[in-house]
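Step one of this worksheet: look at the structure below.
Just so it is clear: chains get the letters A, B, ... in the order the sequence lines come, proteins before strands, and each one is counted from 1.
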2 protein chains.
Amino acid sequence: MMNTQNMEQKLRDAGMRPTRQRMSLGKLLFGSGDRHITAEQLHVETVQAGVAVSLATIYNTLNQFTEAGLLREVAVEGHKSYFDTNTSNHCHYYLEGEGRLIDIDGEQLTVDGLPLPPAGMKIGRIDIIVRLEKDRG
Amino acid sequence: MMNTQNMEQKLRDAGMRPTRQRMSLGKLLFGSGDRHITAEQLHVETVQAGVAVSLATIYNTLNQFTEAGLLREVAVEGHKSYFDTNTSNHCHYYLEGEGRLIDIDGEQLTVDGLPLPPAGMKIGRIDIIVRLEKDRG
DNA sequence: ATTTGTGCAAATCGTTTGCATCTGA
DNA sequence: TCAGATGCAAACGATTTGCACAAAT
């Protein structure tokens, strides 16, 4: 569970002021295990929680959190972005139909046969998305 | 090289009428090896080639081609979509700075340790994007 | 002749930004 | 006090859509 003091510290460590809005968003994001969420979904949650934060501020905050390394952005389809509270090395299942992401524990997952990157370049991150579809059989 | 007859046949096989616009786009897309291109880039090419096709038609056509399996859509960042003329099993390097995609020959690349998909689901496709950054060292 | 495709402009969606106001240190 | 944060609405870029017109079968 993420309490007020923890959250405040987390924000300060990231060089951000613990404002009402950031505290609320932080608690929703980090208060209950790993999450994959869009800005729009988070906005709905704030309204439901009675702590409404404007959509613009949600976008700004998600971007700040991502820059600070508290979140990781996941690109699945050419439009909306998902933000993942699990920033460790892992991959995702993507349920096309539901538009939902599920973590795959990355520890036992390995990629073999990767050629050396072009000269002057180095690997930043490897994103692996396993797209799932209904198995009618 | 992709000539007029080949292209016409390709379109008919995919259940599409060989219109002037689709023929032009098809030749640009499939006429010179594997390509990764955005709608906007393709639009510029049609203008340069003197066969201007409206942007709306380009989007519609790219989507139709993708549905027909002639193209594969690659999601790299939360906004623009890339279309890949290589629909075989392979992965990509993504050059963040340049916004450019490069094929990684997928044959020798293997993923190990993938858990079984959740019940009732099957794996549709695995997208692997290796993000490259400048190596200052 | 009938169906399908195209172009344009307007609509939409997700996201960002300008600016006046407010808030935390 | 005052840099930094917020909210709103307008701006934005990428993509889609409605509809009148044109082209393919």
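The separation between A/Q64 atom CD and C/dT16 atom P is 12 Å, rounded to whole Å. B/L55 places its CG atom 14 Å from the C1' atom of C/dA10, with the value rounded to the nearest Å. Rounded to a whole Å, the NE2 atom of B/H79 is 24 Å from the P atom of C/dT12.
In terms of heavy atoms, B/R22 sits closest to B/T61 at CG-CG2, 4.1 Å.
Looking at residues two or more places apart in sequence or on another chain, you find a ring-ring contact (aromatic ring centres under 6.0 Å, His included) between A/H92 and A/H36, A/H90. Contacts of B/E96 classified as salt bridge (charged side-chain N to carboxylate O under 4.0 Å, His left out), with partners at least two apart in sequence or in another chain: B/R131.
In summary, the side chains of B/Q64 and B/N60 do not present any donor paired with an acceptor at a separation below 3.5 Å, with no hydrogens or angles considered.
Atom NZ of B/K122 is surrounded by more than 12 heavy atoms from other residues, nucleotides or ligands within 6.0 Å. The local environment of CD in B/Q41 is crowded, with over 12 non-hydrogen atoms from other residues, nucleotides or ligands closer than 6.0 Å.
A distance of 12.0 Å separates CD1 of B/I58 from CG of B/N63, quoted to the nearest 0.5 Å. Taking CG from A/L71 and OG1 from A/T66, the interatomic distance works out to 4.5 Å, rounded to the nearest 0.5 Å.
As judged by a 4.0 angstrom heavy-atom cut-off over every strand, B/S81 is placed among residues touching the sugar-phosphate backbone only.
Protein chain B contacts DNA chain D over a range whose 5' and 3' limits, counting nucleotides with an atom under 4.0 angstrom from a non-hydrogen atom, are D/dA14 to D/dT25.
Residue A/V76 belongs to a hydrophobic cluster whose other members are A/V74, A/Y82, A/Y94, A/L101, A/I129, with links defined by side-chain heavy atoms closer than 4.5 Å.
For the pairing with A/L11, the side chain to side chain contact (heavy atoms under 4.5 Å, CB included) check across A/E8, A/Q9, A/M7 returns one residue only, A/M7.
Within residues 13-23 of chain B, the residues that place at least one heavy atom under 4.0 Å from DNA chain C are, in residue-number order, B/R17, B/T19, B/Q21, B/R22. Contacts of residues 56-63 of chain B with DNA chain D (heavy atom under 4.0 Å): B/A56, B/Y59, B/N60, B/N63.
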